[in-house]
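Nothing fancy with the numbering, it's 1 onward along the sequence.
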Amino acid sequence: MLSLNWYGDRMKKYICKIATIDEMETKWNYDIKKNKSPNWKVWKTESIEHIINGQSITYSGILNDIIICETTALLDKSIVQNCDSLVDEKTAYLCAFRTIEKYQRKGYFSKLFRFMINDLKNKGYEKVTLGVEPAETENLKIYKHLGFNELIKSAQEFYPDGTVIDVDYYGMEL
């Protein structure tokens with residue numbers, strides 16, 4: 001199993017790794033409890049199914065045995081909305097960039113992101129893509145800082161409860 005240990009003054013132990021099913025169950029249960037929307041229960045079921053089927057990889061940043069951040073690489077067109085130009089055998093679609101609020105802006109997610117990118121490169125991926133709602137200007141600034149500067153397209157996505165959102169898709173060569 002891949003992992004990265006990082007020791008520093010601000011933290012006792014921070015590990016970046018590919019999440020296990022048990023770790024994802026724990027993290028999803030935390031997210032469901034925090035977010036009352038019924039979408040989260042649907043997303044949990046789908047996420048775990050996709051991991052089991054080899055359609056996705058979830059990466060976790062763990063500090064002192066607590067998952068504080070995560071992200072997922074979707075590897076199969078059939079599980080990505082508007083999949084054309086977003087995912088194929090050499091392109092992974094990234095989603096679910098999440099960090100528990102009190103750990104934000106401390107470098108944890110950046111370390112996890114680099115870990116994930118290195119893992120995807122080692123698996124033969126040459127490009128990564130992601131989607132962002134146009135109104136999420138702070139997230140877009142972060143994504144551009146990470147290297148997502150190629151606007152691929154704009155489209156709409158649909159949540160399990162029927163909510164429709166506008167999304168701009170960006171790419172980055174690895």
Between [Y] and [X], is there a side-chain heavy-atom distance shorter than 4.5 Å?
| X | Y | answer |
| --- | --- | --- |
| Ile52 | Ile21 | yes |
| Asn64 | Lys13 | yes |
| Glu126 | Leu174 | no |
| Phe113 | Cys16 | no |
| Leu94 | Met116 | yes |
| Lys127 | Asp88 | no |
| Thr129 | Val87 | no |
| Tyr159 | Ile165 | yes |

Ignoring hydrogens, what is the shortest heavy-atom contact between [X] and [Y]? Give both atom names and the distance.
| X | Y | value |
| --- | --- | --- |
| Gly54 | Leu75 | O-CD1, 4.2 Å |
| Asn149 | Tyr170 | C-CD2, 4.4 Å |
| Lys77 | Cys83 | O-CB, 3.7 Å |
| Ser47 | Ser56 | O-OG, 4.2 Å |
| Glu157 | Tyr169 | OE2-OH, 2.7 Å |
| Tyr14 | Tyr108 | OH-O, 2.8 Å |

Say whether, by atom type as modelled, one donor and one acceptor occur between the side chain of [X] and the main chain of [Y] under 3.5 angstrom.
| X | Y | value |
| --- | --- | --- |
| His50 | Glu46 | yes |
| Asn82 | Gln156 | yes |
| Lys153 | Asp84 | yes |
| Lys36 | Ile32 | no |
| Glu70 | Ala96 | no |
| Tyr93 | Ile79 | no |

Rounded to the nearest 0.5 Å, how far apart are [atom1] of [X] and [atom2] of [Y]?
| X | Y | atom1 | atom2 | result |
| --- | --- | --- | --- | --- |
| Ile142 | Glu136 | CD1 | CD | 10.0 Å |
| Lys121 | Asn118 | NZ | CG | 6.0 Å |
| Asp166 | Asp168 | CG | CG | 8.0 Å |
| Ile18 | Glu23 | CD1 | CD | 11.0 Å |
| Ile62 | Ile66 | CD1 | CD1 | 10.5 Å |
| Ile67 | Ser60 | CD1 | OG | 4.5 Å |

With no hydrogens and no angle check, do the side chains of [X] and [Y] hold a donor and an acceptor under 3.5 Å apart?
| X | Y | answer |
| --- | --- | --- |
| Ser37 | Asn39 | yes |
| Thr26 | Asn29 | no |
| Thr20 | Asp22 | no |

Would you check, one step at a time, whether the test side chain to side chain contact (heavy atoms under 4.5 Å, CB included) holds for Ile57 with Lys123? CA-CA 11 Å; Ile57 304 168; Lys123 288 176 169 40; 3.5 Å; yes

Applying side-chain hydrogen bond (donor to acceptor under 3.5 Å, both in side chains) between Tyr59 and each of Thr71, Thr72, Asp119, report the one that passes. Asp119

Determine the sole option in Lys27, Lys34, Lys33 for which the side-chain hydrogen bond (donor to acceptor under 3.5 Å, both in side chains) test with Asp31 is passed. Lys27

Within a reach of under 6.0 Å around NZ of Lys144, are more than 12 heavy atoms found that belong to other residues, nucleotides or ligands? yes

Return yes when atom CG of Asp161 has more than 12 non-hydrogen atoms of other residues, nucleotides or ligands closer than 6.0 Å, and no otherwise. yes

So if you build clusters from Ile, Leu, Val, Met, Phe, Trp, Tyr with side-chain heavy-atom gaps below 4.5 Å, do [X] and [Y] land together?
| X | Y | answer |
| --- | --- | --- |
| Tyr143 | Leu86 | no |
| Phe115 | Ile68 | yes |
| Leu140 | Leu151 | yes |
| Ile152 | Leu120 | no |

Ring-face cation of Arg98 near Trp28 (centre distance under 6.0 Å, axis angle within 45°): yes

Step by step, work out the side chain to side chain contact (heavy atoms under 4.5 Å, CB included) result for Val167 and Val132. CA-CA 5 Å; Val167 180; Val132 60; 5.8 Å; no

Hey, are Glu25 and Lys44 close enough for a salt bridge, meaning a charged N less than 4.0 Å from a carboxylate O? yes

Please determine whether side chain to side chain contact (heavy atoms under 4.5 Å, CB included) holds for the pair Ile100 and Tyr30, giving the CA-CA distance in whole Å, both sets of side-chain angles, and the decisive distance to 0.1 Å. CA-CA 10 Å; Ile100 294 174; Tyr30 168 85; 3.9 Å; yes

Ring-ring centroid check Phe97 Phe109, cutoff 6.0 Å: yes

